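Predicted model only: the values in this text are computed from it and were never measured.
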Amino acid sequence: MERELGEKATRELMPYHGVTSLTKEQATKILQTVWPLAPAVEVYKAAVICSTYGLNPLMKHVFLIPFGAQWSMVLGIGAKRLIASREGGYNYADGPRIMSDTDQENIRGEIDEANWWAITVVERNGRRYPGYGAWPKSKEKAPYGADKGNTAQNMAFIRSESAALQ
C-alpha cells in the first residue's frame with residue numbers, strides 16, 4: 001500500500017485496514033485518499049455501498065475506475081462473495097470452468113474463437129443462478145497482474161462467477 005499511496009496516506013489509512021463496518025464518513029476518507037481524482041458523486045455512491053453492506057475499499061471490495069472521462073464504482077469479486085455469504089450462503093453447482101464448444105453453441109448460439117468463455121452456476125436458497133463471462137484470448141489484452149500469474153482464463157472465471165452471484 002505504501003508503494004502505491006505513499007507513506008503519509010498509508011499511515012492515515014492504517015486504522016481502517018481490516019475493518020468490516022465502516023461509516024459513510026470513514027469510507028469516504030478511504031475512497032478520497034485512494035482515488036483522489038474520482039468525482040464526488042462516485043465517491044459518495046461507493047461510500048454508501050460500503051457502509052450499507054459492510055465493505056472496505058482497502059480489502060479490495062470496492063473500486064473506483066476511470067473509463068475515459070467517466071468513472072464507475074465496481075464491486076470486486078470478494079465483495080460479491082461476502083454479500084452472498086451473508087444473504088444465506090451459496091455453493092457451486094458447476095464451475096467456474098471454461099465453456100466447451102457445445103456449451104457455447106447451446107447457450108450463446110455460436111462459438112466465439114476470439115474469447116475465452118467461462119460458466120459458473122451457483123446455488124442460493126434452493127435456486128440455481130448461471131453466470132457467463134469472457135476475456136479476450138489475444139496476448140495484447142493481457143489482464144492486470146499477468147506478471148504475477150493472472151491469466152485470461154482466470155478473468156473469464158471471475159466474470160462468470162461475478163455474474164452468477166449478482
Side-chain angles (χ1 to χ4, degrees), residues 1-6 9-10 13 17 27 30-50 53 55-85 87 90-124 127-166:
M1 191 162 65
E2 188 172 327
R3 187 176 69 238
E4 294 175 24
L5 300 174
T10 300
L13 296 178
H17 191 71
I30 294 168
L31 293 159
Q32 288 173 333
T33 302
V34 176
W35 292 283
L37 301 177
V41 67
E42 293 301 325
V43 170
Y44 177 80
K45 290 190 297 188
V48 169
I49 293 292
C50 286
Y53 289 100
L55 304 176
N56 187 333
L58 296 176
M59 296 171 74
K60 298 184 179 182
H61 291 155
V62 177
F63 301 89
L64 295 176
I65 302 175
F67 293 99
Q70 296 289 103
W71 284 72
S72 292
M73 182 204 57
V74 176
L75 290 180
I77 189 65
K80 291 179 181 181
R81 289 172 180 156
L82 181 61
I83 291 168
S85 72
E87 293 176 343
Y90 65 96
N91 62 11
Y92 297 91
D94 187 11
R97 64 175 173 81
I98 294 296
M99 291 172 68
S100 67
D101 288 351
T102 303
D103 290 332
Q104 285 192 52
E105 276 284 343
N106 291 339
I107 295 167
R108 302 187 63 254
E110 64 182 358
I111 297 170
D112 182 355
E113 297 292 340
N115 295 297
W116 292 106
W117 277 90
I119 182 171
T120 303
V121 180
V122 297
E123 289 181 336
R124 294 172 66 183
R127 299 185 73 188
R128 287 181 168 224
Y129 299 92
Y132 312 104
W135 191 269
K137 289 182 179 178
S138 168
K139 298 290 184 204
E140 291 82 47
K141 306 260 184 179
Y144 180 76
D147 58 326
K148 297 178 182 120
N150 194 15
T151 64
Q153 294 94 329
N154 184 60
M155 293 305 298
F157 294 154
I158 289 172
R159 287 179 168 187
S160 71
E161 181 183 0
S162 179
L165 289 171
Q166 289 192 45

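Taking both residues in full, the closest heavy atoms of G78 and H61 are given as C-CD2, 4.2 Å, listed atom of the first, atom of the second, then distance. Taking both residues in full, the closest heavy atoms of A46 and M73 are given as CA-SD, 3.5 Å, listed atom of the first, atom of the second, then distance. Closest approach of P136 and A152 over heavy atoms only: O-CB, 3.7 Å. S160 approaches I119 most closely through the heavy-atom pair OG-C, 3.8 Å. Here the shortest heavy-atom pairing between G133 and R159 reads CA-CB, 3.8 Å. Between M155 and P143, the shortest heavy-atom contact is CG-CB, 3.4 Å.
Atom NZ of K141 has 12 or fewer neighbouring heavy atoms from other residues, nucleotides or ligands inside a 6.0 Å radius. No more than 12 heavy atoms of other residues, nucleotides or ligands sit less than 6.0 Å from atom OH of Y53. Remark: Y44 OH is loosely packed, at most 12 non-hydrogen atoms of other residues, nucleotides or ligands lying under 6.0 Å away.
No donor-acceptor pair closer than 3.5 Å links the side chain of R81 to the backbone N or O of L165. In terms of modelled atom types and a separation under 3.5 Å, the side chain of N115 and the main chain of W117 share no donor-acceptor contact. Although no hydrogens or angles enter the test, the distance criterion places no donor-acceptor pair under 3.5 Å between the side chain of R124 and the main chain of Y90. A donor-acceptor contact shorter than 3.5 Å is absent between the side chain of Q153 and the backbone of W116.
Taking the side chain to side chain donor-acceptor pair (under 3.5 Å) definition, one finds that D94 meets it with R97, sequence neighbours left out.
Between L64 atom CG and L31 atom CG the span is 5.5 Å, to the nearest 0.5 Å. Interatomic distance, D103 CG to I111 CD1, rounded to the nearest 0.5 Å: 10.5 Å. Within the model, atoms CG of D101 and CD of E113 stand 6.5 Å from one another, a figure rounded to the nearest 0.5 Å. Between the CD atom in Q70 and the CD atom in E42 there is a gap of 8.0 Å [rounded to 0.5 Å].
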- Task: Report the C-alpha distance between V62 and V74 in whole Å, list the side-chain angles of each, state the deciding distance to 0.1 Å, and finish with yes or no for side-chain contact (heavy atoms from CB on, under 4.5 Å).
- Result: CA-CA 6 Å; V62 177; V74 176; over 6 Å; no
- Task: Applying side-chain contact (heavy atoms from CB on, under 4.5 Å), run through T120 and Y129 and close with a yes or a no.
- Result: CA-CA 8 Å; T120 303; Y129 299 92; over 6 Å; no
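Looking at heavy atoms from C-beta onward, W71 lies in side-chain contact with L37 at the 4.5 angstrom threshold. Side-chain atoms of F67 and I65, non-hydrogen and from C-beta on, do get closer than 4.5 Å to each other. Put simply, the side chain of V121 reaches to within 4.5 Å of the side chain of P130, judged on heavy atoms. In this structure the side chain of V34 reaches within 4.5 angstrom of the side chain of L58, judged on heavy atoms. Side-chain atoms of M99 and Y132, non-hydrogen and from C-beta on, do get closer than 4.5 Å to each other.
Using a 4.0 Å cut-off between charged side-chain N and carboxylate O, K80 and E161 make no salt bridge.
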